[in-house]
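In what follows, every heavy atom counts, from backbone to side chain, and hydrogens, waters and symmetry copies are set aside. The residues of the chain are indexed from 1 along the displayed sequence.
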Amino acid sequence: MALLHYSKETSYLLPPNNEDWEEKGIPDFVYGQKELIVEGIQWPRNAPSAPDTPTRFDSALCSAWRQRVELGLFRYRLGELQTQTLPGAVGFVAQLNVERGVQRRRPQNIKSVRQAFDPEQFNFNKIRPGEVLFRLHRKPNDCSAVQQEDILVIINVSPLEWGHVLLVPEPTLGLPQRLLPGVLRAGLETVLLSSHPGFRVGFNSLGGLASVNHLHLHGYYLAHRLPVEGAPSEALDPGGHLYLLQAVPAPGFLFYTSGPGPDLEALISRVCRATDYLTDHEIAHNLFVTRGAPPGKASASTMLTGVRVILWARKSNFGIKEGEAFNVALCELAGHLPVKTYQDFSSLTEEAALALIQDCLLPPAQADEIQEALVALMAQEEL
């Protein structure tokens, strides 16, 4: 899928001889706050596509990712995916991805949202050297008060879409799949480092369809607008820190920031307090980061003025459901549906998609209880 014009970033490419890959080491992608793009990102009005001016981050990621495709480091070669927008009010973007449904790694044996890291199971210390693209590293003494920890950018060998990568904090730490501020900050900043309006980042908790219990985020390009970008929301707290996202596949908690700096750091703190609460109470959850409109009324504008972080609390599901058109995790809750078979892709309706998603949601009484708890958490910030 030709989303961008690529420029050669030779420092992020592997040597021709695979025996030299490990000796090469992991290159650093060093960036500063001035590279975080806040304004001027929008969807083309005529057709969903990518901009003609990729950033340094886009060029580095896409050139290195494309080389790994040519080297055969993925489980399958991702072609042009058949894509359709399902008729209806939601605007689901469905894609046929048969290979991912068949060839992706089987999920680990997970029994708890709080399960400890197990070094005996598959983890990111066991990947091949060529799967690492680069290390994200913020410039020392940058204007930000918080120093970003180093994050490895690794290919997802069973990609959902073009440029599908994993953002992984130092793997040797053996961190379980529980969201931490450092990796969330990296996810938010990669969205701001890209000029592509469809570069999104997300997190699946254990029980929320995370298949590996080793801390990681997903990042990928999708050249289509999604319903969560401009859906309406209502404020849940007087300070305007937490909103309820409405008129989307599933109601979710919305956090919003207009850009880097203290506002972004406050958002990271709020989101992680919310996910800590969910994890501590054994509540599975999914999180999605996308450029989007400010909270409030529905926005049909093509201009994406800030970053939306949407958090869904949901029923725990430890494993993949066989026979379903799609499994419900971060991208499906946002409106992007990777479908496993041609038969399901050709027959899928909005009604059927909503039924699958709503089957994963919590009972109303429990959802209300969680909402009250998160509102109380946000109120503590005001004290």
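- Expressed to the nearest 0.5 Å, how far OG of S194 lies from CG of L61 amounts to 8.5 Å.
- In terms of heavy atoms, R291 sits closest to V191 at NH2-O, 3.1 Å.
- No donor-acceptor pair under 3.5 Å is formed between the side chain of R68 and the backbone N or O of L13.
- For the atom pair L166 CG and L217 CG, the distance stands at 9.0 Å (nearest 0.5 Å).
- Side-chain atoms of W21 come within 3.5 Å of backbone atoms of P15 as a donor-acceptor pair (strictly under, hydrogens ignored).
- Using modelled atom types, one side-chain atom of E229 and one backbone atom of L226 make a donor-acceptor pair closer than 3.5 Å.
- Between E282 and R114 there is a salt bridge, since a side-chain N of the basic residue sits under 4.0 Å from a carboxylate O of the acidic one.
- In this structure, the side chain of S233 does not engage the main chain of P295 through any donor-acceptor pair within 3.5 Å.
- A salt bridge links E35 with R56: the distance from a Lys NZ or Arg NE/NH1/NH2 to an Asp or Glu carboxylate oxygen falls below 4.0 Å.
- A search for ring pair (Phe, Tyr, Trp, His ring centres under 6.0 Å) contacts involving H336 returns Y220, not counting sequence neighbours.
- For the atom pair L278 CG and N286 CG, the distance stands at 10.5 Å (nearest 0.5 Å).
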Donor-acceptor pairs under 3.5 angstrom involving side-chain atoms of residues 361-378: please list them, not counting sequence neighbours.
none

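- Paired with S195 under the rule side-chain hydrogen bond (donor to acceptor under 3.5 Å, both in side chains), one option of T53, T55, D58 passes, and it is D58.
- Taking CG of L209 as the start and CD of E332 as the end, the distance is 7.5 Å to the nearest 0.5 Å.
- Taking both residues in full, the closest heavy atoms of G187 and L167 are given as CA-CD1, 3.8 Å, listed atom of the first, atom of the second, then distance.
- Ring planes of H214 and F124: parallel class, angle under 30° (limits at 30 and 60°).
- Ion pairing between E161 and R200 fails under the 4.0 Å rule for side-chain N and carboxylate O.
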Which pairs would a plain distance check flag for residues 174-183, meaning a side-chain donor or acceptor within less than 3.5 Å of a matching protein atom at least two apart in sequence or in another chain?
{"from": "Q177", "atom 1": "OE1", "to": "H216", "atom 2": "N", "distance (Å)": "2.9"}
{"from": "Q177", "atom 1": "OE1", "to": "H216", "atom 2": "ND1", "distance (Å)": "3.3"}
{"from": "Q177", "atom 1": "NE2", "to": "N204", "atom 2": "O", "distance (Å)": "2.9"}
{"from": "Q177", "atom 1": "NE2", "to": "H216", "atom 2": "O", "distance (Å)": "3.2"}
{"from": "R178", "atom 1": "NE", "to": "D276", "atom 2": "OD1", "distance (Å)": "3.4"}
{"from": "R178", "atom 1": "NH1", "to": "D280", "atom 2": "OD1", "distance (Å)": "3.2"}
{"from": "R178", "atom 1": "NH2", "to": "D276", "atom 2": "OD1", "distance (Å)": "3.4"}
{"from": "R178", "atom 1": "NH2", "to": "D280", "atom 2": "OD1", "distance (Å)": "2.8"}

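- Remark: T257 OG1 to F255 CZ distance equals 12.5 Å, nearest 0.5 Å.
- The side chain to side chain donor-acceptor pair (under 3.5 Å) check on E350 picks up nothing, with sequence neighbours excluded.
- Judged by distance alone, the side chain of N123 and the main-chain N or O of L215 form no donor-acceptor pair under 3.5 Å.
- Looking only at distances, a side-chain donor or acceptor of R100 sits under 3.5 Å from a matching main-chain atom of S158.
- Using cut-offs of 30° and 60° for the angle between ring planes, the F199 and F57 rings count as perpendicular.
- With sequence neighbours left out, the salt bridge (Lys or Arg N to Asp or Glu O under 4.0 Å) criterion links E70 to R77.
- Listed for the Y31 side chain is no donor-acceptor partner under 3.5 Å among the backbone atoms of L36.
- With sequence neighbours left out, the salt bridge (Lys or Arg N to Asp or Glu O under 4.0 Å) criterion links R135 to D28.
- Heavy-atom minimum distance, F288 versus C331: CE1-CA, 4.3 Å.
- Of all the heavy atoms in L333 and A250, the pair that sits closest is CD2-CB, 3.8 Å.
- With respect to K340 and E324, no salt bridge is recorded, no charged nitrogen being found less than 4.0 Å from a carboxylate O.
- Counted within 6.0 Å of NZ on K126, heavy atoms from surrounding residues, nucleotides or ligands total more than 12; the atom is thus considered enclosed.
- In this structure, the side chain of Q84 does not engage the main chain of L86 through any donor-acceptor pair within 3.5 Å.
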